[in-house]
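Note that the structure is a prediction, hence the values are computed from the model and not measured. The sequence lines fix the lettering, A, B, ..., with proteins before strands; numbering per chain opens at 1.
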There are 2 protein chains.
Amino acid sequence: MTANPRGGRLTQAEIARIAGVSQATVSLVVNGRDEALTDDTRERVRAAIERTGYVANPIARVLAGGRNKLLGVHTFEKVFPLNGDDFYFPFLLGIEEEAESLGYDLLMFTSSGEQRRIFVDGRSRLNLADGALLLGRTPDMAEVAELARLGYPFVFIGHREIPGQALSYVAADYTDATAAVTRRLLELGHRRLAYLRLDAGGGQPGADRVAGYQLAARSARLGPAATPLWDVSGVDEAGAVLGDALDHGITALLVEQQILAEALAAACAARSVSIPADISVAVLGDTIGVRGSETDWSGFQVPKREMGAAATRLLIDQLEERVSRPHVESIACRPVEGSSIGPVKTPLAGGAAVPEPRRNRSITE
Amino acid sequence: MTANPRGGRLTQAEIARIAGVSQATVSLVVNGRDEALTDDTRERVRAAIERTGYVANPIARVLAGGRNKLLGVHTFEKVFPLNGDDFYFPFLLGIEEEAESLGYDLLMFTSSGEQRRIFVDGRSRLNLADGALLLGRTPDMAEVAELARLGYPFVFIGHREIPGQALSYVAADYTDATAAVTRRLLELGHRRLAYLRLDAGGGQPGADRVAGYQLAARSARLGPAATPLWDVSGVDEAGAVLGDALDHGITALLVEQQILAEALAAACAARSVSIPADISVAVLGDTIGVRGSETDWSGFQVPKREMGAAATRLLIDQLEERVSRPHVESIACRPVEGSSIGPVKTPLAGGAAVPEPRRNRSITE
DNA sequence: TCCCTGTACTTATAGGCATTAATAGATCAT
DNA sequence: ATGATCTATTAATGCCTATAAGTACAGGGA
């Protein structure tokens, strides 16, 4: 709170004194509820505000039950991570742009620990803001559920579900995007595909992608056996996975994480296997841990910026009661043509199921 | 504000009612100032708190305390820029960490336009926070001066001066760091150096670097003529600059912007000139516009994270009146040994001044 | 008995704002 | 002139907590 040049704090009472009106009148002007006021009164108050640079104290405002045009941003991990990972950056970009254009400021909550908590001692500091945007790869859903139960307005960025609790969220349509990539590969003549993911995939977004993959496969009358799902436990397994794929006549890979695709590319280079001439590889948008790439990967991109903007818009719409809560919004992913997929090399007579991989490549579902 | 499950809000007054004491007594227990209380009273209050799950409302708490534990962050350009430039990122990292550990949250001000304004309609939203951190390559110093005039507590990240106005800022010691790099080159036997910068350099930080360069040169009894300053108008000029340098027997370059150094590296590669065997190149910390590099540049790094942390600490110290305002802090840059400088190839007999470059390479000062 | 000194609390207030009920003043009809 | 009806503004209240100031009571000394 700024001290005014003359010592005392800058409050509505002070403005009122300067303008020769009551504190209540200042409050009316500040909040635009000044229809009833004389132009003269309004102007005197405005002039005093202008001259002093007065701004309402958000704390007092919240306490008094008002709104403060502050949007909370809670991330379940550090916003600005040490390792230079850009995960949050594009989201924040969209959030900032949209908040800016709608006249809201951002309140970024800091909190210690790797896993950040909303509730500390049973209370949430989010209350400082009118509503909040929640981001994070590893949210504590118990905390989110509690927040929802309390009726606090928030929008999650990313598809999140709580059983028996409807949530507001803005999600990329991974299912649709993955289905589109899968169909594209089928169009190119591929009949033996595999879906690869690290560490059993990334929660709900991962599950959505797999759903799209299987959906497209079923539509093309490819059964589960012909469209396997391989869990890879680390990028160092890339070589072995590639071997398995080639051994079993797989001609196209859908890879959830780009970092895994990069490892595959290295493995391909080592064996003189060409992408896409020998094998097509599509990347499904997850760029965790990647900084730059030699390859122009085909697949799709997650519209992070748009998601951030849409979530911000949605939250503000809810706060200003233009949209009922909860509300879900879906954003299409940006398809990337790229150069890592191509027509199948030697189309096989369809129908032969893909055999089990040799080693610890488990097939899920 | 969290609602009590049973409908009414859970306040100290409510706890007091349950425990049969006054609200003030509850406050005393909550804040551990209960030395004067009977064990019995204390226990009754504690039991009531326990049973209801009451926790003090942080908002009312700060209102009563007069501070809101909010630190404003104002950037004179977009915080999250479109082009993926990480300029602000490391600063924010340090700010976030320090704010977190000192119990402050961050209020990021959004505002439209490329050049962001502190004052909109004659008022400053910074007042929302207890104090603010200011960042930016192109600050509007008139606005900063106005802020200082109003007595608003702020700390600038980066060396900034306003004539006749003392400011608080945390700056990297470019002068010292550049002097150190220069001395290192002199130790390696170089006697013909040049300082290269794009677009007439980067304001105050640029001026500080040049000062360090010239300081070290003078100490080594090299006059201005032997230590020229070349302004380069664009990276596409790198080839020509390199030609000039080689023609004139210059063996070491101090390059303000890494992006210019990258262009020089490309030019060297094109002419089969080796860095550092044929020419030494030191980079003076400015990484604007660079994403990754093939070269392990010698020179120094700007301690952005430390600067952010130090500025945050300084601001909080000022707010909590442990340090008087204004206050200036200097942070040493991290020297980088790197592999782009080496001993001079063919030491010349010293003393010969560097001739003027042929073309539009102007020598400043 | 009266005063004094603690002790164990309570009362009152501030902190800055939003909001509602109340009031003074002006206008109008009767 | 009197009340009725508006209109512009203010006084009062609540939000929840921390804290300074105050009070009631007990015990001890003179």
Side-chain angles (χ1 to χ4, degrees), chain A residues 1-4 7-46 48-49 52-70 121-125 127-128 130, chain B residues 1-4 8-46 48-49 52 54-70 127-130:
Chain A
M1 255 86 24
T2 308
N4 89 18
R9 287 181 188 287
L10 203 47
T11 67
Q12 287 189 350
E14 175 70 4
I15 301 298
R17 208 188 49 71
I18 295 172
V21 296
S22 72
Q23 173 262 318
T25 304
V26 177
S27 175
L28 293 176
V29 172
V30 167
N31 295 298
R33 301 203 161 193
D34 50 2
E35 318 86 22
L37 301 183
T38 324
D39 286 351
D40 172 59
T41 305
R42 198 195 341 266
E43 268 321 302
R44 283 215 316 286
V45 173
R46 282 199 182 144
I49 290 175
T52 55
Y54 167 83
V55 183
N57 178 336
I59 300 280
R61 223 169 189 180
V62 175
L63 188 59
R67 289 264 131 100
N68 52 17
K69 290 252 186 180
L70 254 39
D121 298 332
R123 250 176 211 269
S124 125
R125 282 178 312 162
N127 284 326
L128 267 175
D130 291 344
Chain B
M1 252 67 48
T2 309
N4 165 342
R9 289 177 190 288
L10 200 48
T11 67
Q12 287 188 351
E14 175 72 5
I15 302 297
R17 208 188 48 71
I18 294 172
V21 297
S22 74
Q23 173 263 315
T25 303
V26 177
S27 175
L28 292 176
V29 173
V30 167
N31 294 299
R33 303 200 163 192
D34 50 3
E35 319 85 19
L37 301 184
T38 325
D39 286 351
D40 173 59
T41 306
R42 197 195 342 265
E43 270 321 302
R44 284 214 316 285
V45 173
R46 281 202 180 142
I49 290 176
T52 56
Y54 166 84
V55 183
N57 179 340
I59 294 182
R61 227 171 186 173
V62 290
L63 182 61
R67 286 260 154 82
N68 55 20
K69 292 257 188 177
L70 257 38
N127 284 322
L128 280 173
D130 290 342

Within the pair Thr11(A) and dG16(C), is there a side-chain N or O less than 4.0 Å away from OP1 or OP2? no

Arg44(B) and Val21(B): side chain to side chain contact (heavy atoms under 4.5 Å, CB included), yes or no, with the steps? CA-CA 9 Å; Arg44(B) 284 214 316 285; Val21(B) 297; 3.5 Å; yes

For dT19(D), does OP1 or OP2 lie under 4.0 Å from any side-chain N or O of Arg33(B)? yes

Does Lys69(A) offer a backbone N or O that forms a donor-acceptor pair with the side chain of Asp130(A) under 3.5 Å? yes

Identify, between Arg42(B) and Ala13(A), the residue whose nearest nucleotide on DNA chain C lies closer to the 5' end. Arg42(B)

Has Asn57(B) got a side-chain atom pairing as donor or acceptor with Ile59(B)'s backbone, closer than 3.5 angstrom? yes

Rounded off to whole Å, could you give me the CD-to-P distance for the Glu14(B) and dT17(D) pair? 11 Å

Decide side chain to side chain contact (heavy atoms under 4.5 Å, CB included) for Leu70(A) and Arg61(A); before the verdict, give the C-alpha distance in whole Å, the side-chain angles of both, and the deciding distance to 0.1 Å. CA-CA 11 Å; Leu70(A) 254 39; Arg61(A) 223 169 189 180; over 6 Å; no

Rounded to whole Å, CZ of Arg17(A) lies from P of dT9(D) at a distance of 19 Å

For a quick test of reading the model: is some side-chain N or O of Asn31(A) closer than 4.0 Å to OP1 or OP2 of dA18(C)? yes

Classify the nucleic acid contact of Val26(B) as base, sugar-phosphate or nothing, counting any heavy atom under 4.0 Å across all strands shown. nothing

Are the side chain of Arg42(A) and the backbone N or O of Asp34(A) linked by a donor-acceptor pair below 3.5 Å? yes

Provide, to the nearest angstrom, the distance between the CD1 atom belonging to Ile59(A) and the C1' atom belonging to dA18(D). 15 Å

Test item: Thr38(A) side-chain N/O and Asp40(A) main-chain N/O as donor-acceptor pair under 3.5 Å: no

Given atom CD of Gln12(A) and atom P of dC17(C), what is their separation to the nearest angstrom? 5 Å

Nearest-Å distance for atom pair CG/P, residues Leu63(A) and dC16(D): 7 Å

At less than 4.0 Å, is any side-chain N or O atom of Tyr54(B) found next to OP1 or OP2 of dT17(D)? Yes or no. yes

Sugar-phosphate, base or nothing in reach of Ala56(A), heavy atoms under 4.0 Å: sugar-phosphate

Rounded to whole Å, please give me the gap between CD1 in Ile49(B) and C1' in dT17(D). 13 Å

With a 4.0 Å cutoff (strictly under), does any side-chain N or O of Ser27(A) reach OP1 or OP2 of dT19(C)? no

In whole Å, I'd like the distance from the CG atom of Leu28(A) to the P atom of dT7(D). 16 Å

Of the options dC9(C), dA11(D), dG16(C), whose atoms approach the side-chain atoms of Asn57(A) most closely? dG16(C)

dG15(C), dT19(C), dT10(C): which one has an atom nearest the side-chain heavy atoms of Ala24(B)? dT10(C)

Does a distance-only test, which skips hydrogens and angles, find a donor-acceptor pair under 3.5 Å between the side chain of Gln23(A) and the base of dA11(D)? no

Would you say Arg61(A) places a side-chain N or O within less than 4.0 Å of OP1 or OP2 belonging to dG16(C)? no

Please report, rounded to the nearest Å, how far the P atom of dA24(C) is from the CG atom of Leu37(A). 19 Å

Using a distance-only criterion (donor-acceptor N/O pair, under 3.5 Å, no hydrogens), is the base of dA8(D) paired with the side chain of Glu35(A)? no

Indicate whether OP1 or OP2 belonging to dT9(D) is found under 4.0 Å from a side-chain N or O atom of Thr38(A). yes

Between Thr25(A) and dT9(D), is there a contact of a side-chain N or O with OP1 or OP2 at under 4.0 Å? no

